[in-house]
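Just below is one structure, and these are the notes that go with it.
Since the structure is predicted, the reported quantities are computational estimates derived from the model, not experimental observations. Just so we're on the same page: letters track the sequence lines, and every chain starts at 1.
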There are 2 protein chains.
Amino acid sequence: MEKKISIKDIAKIVGVSPSLVSMVLNGKAKQYRIGEEVAKRVKETAEEMHYVPNMVAKSLRSGKTQLIGLIVTDISNPFYSAIARIVEDRASELNYTVLISSTDENLKNTERLVEVLLNKGVEGLILVPCDGSKKLVRKLQESHFPTVLLDRYFPDVELSSSCLDNYRAAEMATEHLLSQGYRNISLVAYNTKMQNILDRISGYEDRMKIAGLSAYIHVRKVNILNSKPDIRKALEELIHKEQIDGLIFLTNMLATNGLYCLNEMDVKIPRDVAVVGFNGSDAFDLFYAPITYIKQPVEQIAKEAIDILIKQINKINYTTKLFLEPELIIQQSSRRNP
Amino acid sequence: MEKKISIKDIAKIVGVSPSLVSMVLNGKAKQYRIGEEVAKRVKETAEEMHYVPNMVAKSLRSGKTQLIGLIVTDISNPFYSAIARIVEDRASELNYTVLISSTDENLKNTERLVEVLLNKGVEGLILVPCDGSKKLVRKLQESHFPTVLLDRYFPDVELSSSCLDNYRAAEMATEHLLSQGYRNISLVAYNTKMQNILDRISGYEDRMKIAGLSAYIHVRKVNILNSKPDIRKALEELIHKEQIDGLIFLTNMLATNGLYCLNEMDVKIPRDVAVVGFNGSDAFDLFYAPITYIKQPVEQIAKEAIDILIKQINKINYTTKLFLEPELIIQQSSRRNP
DNA sequence: CAACAATGCTAAAACGATTTAGCAAACAGA
DNA sequence: TCTGTTTGCTAAATCGTTTTAGCATTGTTG
């Protein structure tokens with residue numbers, strides 16, 4: 001790249017003041033009563049010299065960075081990279097740039113990243129809050145810094161959020177298995193206090209109770225990190241001791257790891273146990289018995305998050321908690337007679 | 001967030017000049033012979049007032065943005081999101097921020113995104129160049145703007161790149177199938193002039209020739225976008241007309257879509273045909289016959305890319321083309337007697 | 001004690017843009 | 001012709017920081 005052309009350089013060439021050049025190049029020629037002839041020459045010269053405005057200087061002057069932060073748990077997780085892609089595209093349309101960070105579900109990391117992004121001058125934050133981050137989130141809310149929670153929320157913090165209707169999703173999964181004639185349906189969840197997971201658990205439990213199957217309610221909670229051994233243990237208990245006939249995995253990771261374990265255990269789906277997962281994947285679809293799953297409206301979740309955020313940045317100050325509609329994709333893993 | 005504290009505010013409180021505050025806060029107290037007593041008071045006051053430096057002003061003054069651009073084809077593609085994660089982490093360590101964009105394998109998009117990122121003031125670029133982007137890449141090279149190509153390269157452009165040793169990878173895949181006794185091995189590739197794909201094709205062809213199996217060389221090329229119908233057609237020809245016994249898919253997407261087609265066609269792996277893919281995935285591992293694949297050293301590719309880039313930004317001006325070692329993960333899909 | 005060095009600090013310019021105040025010149029109205 | 005308005009432009013301040021030049025004051029040396 002050749003050395004940068006500034007507004008001064010253009011001014012010198014055309015023989016006018018830098019201010020005039022700025023006015024013209026910002027389309028305010030009329031407003032500031034610049035002569036048409038001069039305006040034209042300025043524009044042409046800027047073009048010829050390949051002038052590109054210095055965004056940093058613009059930012060300093062205006063106090064706006066046009067930056068927003070997206071903090072997820074892990075950008076290499078397909079769910080969040082799908083989100084990132086959509087946020088990125090939408091932000092770009094709205095003339096914003098996205099800074100992405102990953103917390104690995106760790107509170108300290110989350111706190112640090114919020115700090116770092118604020119230091120970098122982001123004007124707003126889309127945050128996937130990790131377990132235990134309520135205090136941090138509350139502080140954000142109290143500071144009135146534009147923030148939207150994504151995928152997860154806190155019922156008692158008045159902060160905008162864009163999430164799946166988790167309760168309804170688990171209800172749908174449970175209903176479906178019930179409708180297929182399964183009764184002894186159990187749940188594999190994370191060991192967490194995060195509301196999205198708690199909602200899913202409630203959806204399942206309530207549906208089981210309504211069906212008069214309280215006795216069959218089994219919720220197994222596994223560690224969110226390095227969950228494979230926990231899952232294996234839970235599945236062995238459920239299958240061999242509890243004799244379950246249906247399994248709902250509350251996240252994609254749980255389901256994927258669960259499938260590995262079931263394979264190792266030589267448990268056949270759906271012959272030995274019916275399975276419903278969360279979030280689709282090629283692994284689900286290519287499985288010998290394609291897995292029935294809850295499909296999240298990923299695009300909508302992402303779009304709403306950023307649209308709400310931009311509104312907040314523009315001082316249209318309101319708070320919405322969105323609970324978006326899940327969809328059940330029925331495949332072979334949950335069919336009674338495949 | 002409370003209103004921003006500037007260096008001037010601190011200066012006023014302590015009763016010194018802004019310059020002194022700046023010097024102290026940048027750890028240059030000694031260098032500029034600031035009194036220890038004063039320095040201490042400045043630091044304490046800054047702490048108390050929760051001073052955070054304004055990065056935009058710093059950038060303007062220094063001409064450094066500490067920004068780098070990462071342009072991939074699609075951040076929601078697992079391979080690239082894995083790359084992004086590593087680049088992000090490494091950049092963060094080095095005090096850089098990453099701006100990520102997706103081109104969708106489209107030249108116009110790529111050109112636009114390079115422009116946009118340069119305008120945003122990135123100091124360097126990590127680029128996955130799409131088909132037909134040689135001219136653009138050459139222009140980048142000629143401008144001497146710090147740039148590193150990732151995953152793909154151009155043999156006749158002197159620009160640093162961090163890629164898999166694609167030739168070797170295809171060789172390994174072919175060798176392996178040959179060693180298992182397969183002979184009529186064919187290839188499914190993209191219809192592209194991108195060198196990484198051409199290298200893979202050569203690796204396969206050369207290995208087949210060495211084995212005296214030139215007659216069995218079949219390379220089918222499918223469209224890079226919306227490839228499913230092409231793949232289906234290619235596979236039907238290969239399986240039913242050419243009677244092949246081995247299949248190498250040159251990318252993860254080709255393999256994944258290929259597996260869907262093979263399932264639809266009721267072709268059993270490896271009984272009817274042995275399969276080798278590129279880049280692992282849960283879908284490969286959970287497949288009824290887990291898929292043998294070429295594993296890329298993703299971490300190394302990403303780390304090298306950013307390390308080379310940072311060196312270039314710091315004027316350590318050299319060009320390296322890296323071809324990193326693949327690894328073959330052998331699973332059931334390519335075993336003669338499973 | 002004169003000359004000079006070291007110490008501890010400040011003022012001012014600069015980075016590149018935007019915006020406000022205001023100055024001349026041309027023009028209009030009475 | 002005098003007053004007032006419009007037109008077309010410029011100078012200067014500003015955003016928050018860093019850096020250079022330099023000014024007092026004190027200390028050291030011959």
Picking from dT20(C), dC9(D), dT17(D), which would you name as closest to the side chain of Lys8(B)? dT17(D)
Both Gly15(B) and Leu60(B) contact DNA chain C. Which one's nearest nucleotide lies toward the 5' end? Gly15(B)
Any donor-acceptor pair, under 3.5 Å, between the side chain of Ser19(A) and the base of dA11(D), if you only look at N and O atoms? yes
Short side-chain N/O contact from Lys58(A) to OP1 or OP2 of dC15(D), under 4.0 Å: no
By the 4.0 Å heavy-atom rule, please label Lys28(B) as base, sugar-phosphate, or nothing. sugar-phosphate
Nearest-nucleotide pick for Asn54(A), side chain only, options being dT10(D), dT10(C), dG16(C): dG16(C)
Please state how far atom CD1 in Ile7(B) lies from atom P in dA12(C), giving the value in whole angstrom units. 18 Å
Given side chains that start at C-beta, do those of Tyr96(A) and Leu309(A) come closer than 4.5 Å, heavy atoms only? no
Below the 4.0 Å mark, does dG16(D) have OP1 or OP2 next to a side-chain nitrogen or oxygen of Ser6(B)? no
NA contact type, Val56(A), heavy-atom cut-off 4.0 Å: base, sugar-phosphate, or nothing? nothing
Classify the side chain of Ser59(A) versus the base of dA17(C) as yes if they form a donor-acceptor pair under 3.5 Å and no if they do not. no
Is there side-chain contact between Val298(B) and Ile83(B), with at least one heavy-atom pair below 4.5 Å? yes
Can you name the closest pair of heavy atoms from Asp307(B) and Leu94(B) and give their distance? OD1-CD1, 4.1 Å
Considering only side-chain heavy atoms of Leu20(B), which listed nucleotide, dT10(C), dT19(D), dC9(D), is closest? dT10(C)
